[in-house]
Amino acid sequence: MSDILEGLNESQKEAVLYFSSPLLVLAGAGSGKTRVITHKIMFLNKELGIPVNRILAITFTNKAAKEMKERVVNALNLEEEPQWITTFHSLSAKILRYEAENIGYGKDFVIYDEEDSKKLIKDIVEESNLDKDLYKPDRVKNIISQIKQNLDESVLDFYAMQLPHIKAIYQKYQEGLIFSNAMDFDDLLLNVVKLFTENEDIKQKWQNKFDYILVDEYQDTNKIQHQILKLLVGNRDCITVVGDPQQCIYTWRGAHPENILSFEEDFPNTKIIKLERNYRSTQKILEAANKVISHSKGRWKEKVLKLWTDKNKGEDLKLVKLESDKQEAAFIAYQIKELIKQGYKYSDIAVLMRMSFLSRNIEEAFVRMSIPYQIIAGLKFYERAEIKDILAYLRFAFNPKDTQAFKRIINLPSRGIGKSTLNKIQKSYVEDWYQALKDSYETLSKKVKYNLQTFFEVIDFIKKYGNEKPAETAKYLYDSIDYEEYLISKYPKDYEDRIANVQELFTAFEEIEKRGKTLQEFLEETSLEQAQDNIEDSNSVKVMTVHASKGLEYPVVFIAGVEDGIFPSGRAFEDVEQMEEERRLFYVAITRAKEHVYLTLAKYRSSFGNSFNETKPSRFIKDIKEYLKVLSSKPKKKTDNSLSATSTNTGIRVGSLVKHEVFGKGVVKELKPPKAKVIFEKVGEKELLTKFLKAI
DNA sequence: AAGAACCAACTTTTT
DNA sequence: GTTGGTTCTT
Ligand SMILES: Nc1ncnc2c1ncn2[C@@H]1O[C@H](COP(=O)(O)OP(=O)(O)OP(=O)(O)O)[C@@H](O)[C@H]1O
């Protein structure tokens with residue numbers, strides 16, 4: 001029975017071969033759950049003759065989907081990538097593109113990100129003359145999300161006690177989205193449920209598309225996602241899900257460790273298979289992880305077998321206490337250099353943290369020590385203002401109902417359009433903003449009229465050429481509205497970075513032009529992008545939040561900021577449930593490691609750059625102290641020239657010859673982490689972020 | 001309506 | 001250390 005079953009243990013084989021009823025694979029970290037899914041796809045195709053495009057496999061991240069696709073393509077010698085190995089959100093977006101008209105949307109609907117959604121809420125609160133301190137967009141958006149994720153409007157009644165207008169806001173928010181032909185992230189899922197429940201024939205059609213459905217990381221799915229699965233499976237047996245309630249870390253997005261146990265209730269005759277062998281970590285790491293999770297409460301605990309491994313004992317986990325956050329970062333950098341000397345590669349190493357702002361110090365230390373790194377967190381590329389500005393123009397051209405995009409671009413660059421002009425335009429609104437603008441045109445002031453001419457030209461140009469020639473279109477847009485000028489005057493301090501970002505966007509457009517993708521598809525992809533997606537294969541240390549490390553593994557893992565208030569987060573102090581999640585998060589962090597774990601903490605940490613606060617070691621430390629070795633911090637050396645001179649890395653040093661997308665070739669004059677002063681051949685001296693520089 | 005100048009309140013985690 | 005908001009001036 002073929003090589004597909006090779007490299008699987010007995011329980012994994014059983015899981016791959018089981019088809020008699022719905023299957024739930026419950027197992028701890030690193031036990032080969034994902035491998036079960038991948039091999040089951042191969043088996044379904046190769047041994048049972050099911051076309052890969054009739055198999056739906058859902059992963060948590062795009063990156064996991066990509067890797068799974070690659071494995072399957074290689075193992076089965078496929079000519080084309082499987083279409084339906086994807087995430088819940090991408091799947092939903094794909095379904096809704098086909099079916100939008102059936103639920104009252106145009107098929108050019110846009111996806112509103114968090115920022116768009118919050119701005120909409122802010123507008124509503126303003127228009128309704130409500131107390132904007134009470135109805136903070138953050139809070140309101142959270143509540144609305146909770147309602148949508150729990151398929152339960154009684155949540156609304158609960159909050160209505162404190163916030164009497166929350167119901168009205170919710171309603172106006174939904175109206176506002178539909179008005180703009182837009183969906184938020186939750187709608188993406190919710191509308192699939194709506195579509196399927198209201199249209200039996202459409203549901204049938206999609207059921208018939210798939211012969212088998214597999215889901216990875218099931219513990220982090222929420223009720224709507226579960227509902228989508230139910231609707232797609234119908235009363236068939238064709239589903240396998242794998243998961244680990246101990247690794248549930250997205251309860252704030254509607255997941256719950258208990259959910260995975262109720263899978264049985266919704267899918268009758270569910271068979272449960274448990275895996276108990278860990279293939280990832282050394283004994284000590286595994287035991288420490290087991291210990292962490294053994295302190296957790298919750299009835300799901302006994303449902304998962306305790307893991308064992310026959311790997312060697314390995315080394316103790318290390319705990320290193322440093323005086324300050326700067327020294328913590330310096331230690332990590334120093335220790336990485338030591339590991340490199342021992343033969344590890346930069347890409348063997350990950351630095352994990354609970355909160356993304358901790359990466360700042362680490363980045364600085366890495367630049368100083370010439371350690372190649374990649375930060376997988378923080379402001380994502382497509383959330384940057386300059387990127388969103390350009391995209392908003394494109395969005396608006398294709399979907400002129402998009403109110404948030406319209407408001408963003410109508411006075412960007414400044415065209416003399418403020419509140420009162422906007423009101424005039426709004427009065428003419430019938431069909432969409434483009435029409436409103438045209439119809440109100442004659443009533444506007446001379447200056448505005450003049451300025452709007454370019455605006456119309458640009459929008460018309462995008463409409464005409466945007467889909468075929470996105471790169472050229474974007475460049476035309478950039479020139480016509482003098483966007484560079486705008487960036488320079490608005491961001492005198494860092495406009496270079498921003499221009500470079502836009503340049504990078506153009507490159508991405510050229511890419512999609514080559515691959516024959518539509519702009520529409522591109523916009524959708526970017527809104528569903530995840531931090532993990534950008535992880536490079538390059539030989540660099542990966543720096544990320546614990547959340548972003550889901551499903552990944554590294555020989556060496558540093559966990560920074562292991563302090564009460566950071567890990568666990570201070571927000572979890574009063575809430576038992578949340579503290580439980582912090583514990584699971586800590587479990588996830590440790591179980592990413594194969595060979596070495598370093599926990600680091602700073603006795604004093606500066607908040608917001610100035611005041612130093614004394615910290616307390618994380619409460620999780622004492623749970624694993626029997627596996628911990630406390631290291632004294634090494635004496636600090638002031639300079640690192642000797643180190644960087646001997647190491648062969650791609651880091652940038654004073655004197656390095658470098659290249660920049662926009663400014664061309666130059667020489668590094670001075671390092672000011674994370675920036676560098678560079679003298680360029682053509683444009684002279686500039687100060688910019690080193691990440692935009694390539695050593696040559 | 002735009003821009004300067006000043007202030008406040010942040011930072012979980014993210015599709 | 002940033003981002004967004006407010007207030008004042010032009
Ligand atoms: N039967 C096996 N024999 C040897 N190695 C295996 C086997 N199954 C899985 N592995 C390896 O163990 C590691 C963890 O596997 P996998 O990612 O599938 O686990 P997982 O249970 O999905 O982990 P997590 O819960 O952390 O996402 C991988 O490096 C994988 O290649």
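Numbers restart at 1 for each chain; the letters A, B, ... are given by sequence-line order, proteins then strands.
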Using a cut-off of less than 4.0 Å, is there contact between a side-chain N or O of [X] and OP1 or OP2 of [N]?
X        : N      : value
A/Ser569 : B/dT13 : no
A/Asn62  : B/dT15 : no
A/Thr87  : B/dT15 : no

d(A/Ile566 CD1, A/Glu582 CD) to nearest 0.5 Å is 11.5 Å
Can you tell me how far CG of A/Leu91 sits from CD1 of A/Ile58, rounded to the nearest 0.5 angstrom? 5.0 Å
Round to a whole Å and report the spacing from [atom1] of [X] to [atom2] of [N].
X        : N      : atom1 : atom2 : value
A/Leu528 : B/dT14 : CG    : C1'   : 12 Å
A/Glu363 : C/dG1  : CD    : C1'   : 14 Å
A/Ile376 : B/dT15 : CD1   : P     : 13 Å
A/Leu422 : B/dA1  : CG    : P     : 9 Å
A/Leu189 : B/dT14 : CG    : P     : 18 Å
A/Lys118 : B/dT15 : NZ    : C1'   : 13 Å
A/His89  : B/dT14 : NE2   : P     : 14 Å
A/Asp184 : B/dT14 : CG    : C1'   : 13 Å

By nearest heavy atom, map A/Glu581 and A/Thr421 onto DNA chain B; which one lands nearer the 5' end? A/Thr421
Starting from the 5' end of DNA chain B, give me the residue, A/Phe357 or A/Gln149, whose nearest nucleotide shows up first. A/Phe357
In terms of relative ring orientation, are [X] and [Y] parallel, tilted or perpendicular, with 30° and 60° separating the classes?
X        : Y        : result
A/Tyr373 : A/Phe366 : tilted
A/Tyr483 : A/Tyr486 : parallel
A/Phe620 : A/Phe567 : perpendicular

Per [X] side chain, nearest of listed nucleotides [options]:
X        : options                : result
A/Phe185 : B/dA1, C/dG1, B/dT15   : B/dT15
A/Arg360 : C/dT2, B/dT13, B/dT14  : C/dT2
A/Ala548 : B/dT13, B/dT15, B/dT14 : B/dT14
A/Tyr250 : B/dT14, B/dT15, C/dT2  : B/dT14

Heavy atoms only, 4.0 Å cut-off, all strands: where does [X] land among base, sugar-phosphate and nothing?
X        : value
A/Gln225 : nothing
A/Ile111 : nothing
A/Asp186 : nothing

Going by ring-ring contact (aromatic ring centres under 6.0 Å, His included), name the residues that satisfy it together with A/Tyr173, two or more places apart in sequence or in a different chain. none
For A/Tyr98, what residues pass the ring-ring contact (aromatic ring centres under 6.0 Å, His included) criterion, not counting sequence neighbours? A/Trp206
Answer yes or no for this row: A/Trp252 ring on B/dT13 base, centroids under 5.5 Å, planes under 30°. yes
Looking at side-chain heavy atoms only, is the closest gap between A/Thr443 and A/Ile425 below 4.5 Å? no
Distances for protein N or O near nucleotides 4-10 of chain C N or O, under 3.5 Å:
{"residue": "C/dG5", "atom": "OP1", "partner": "A/Lys122", "partner atom": "NZ", "Å": "3.2"}

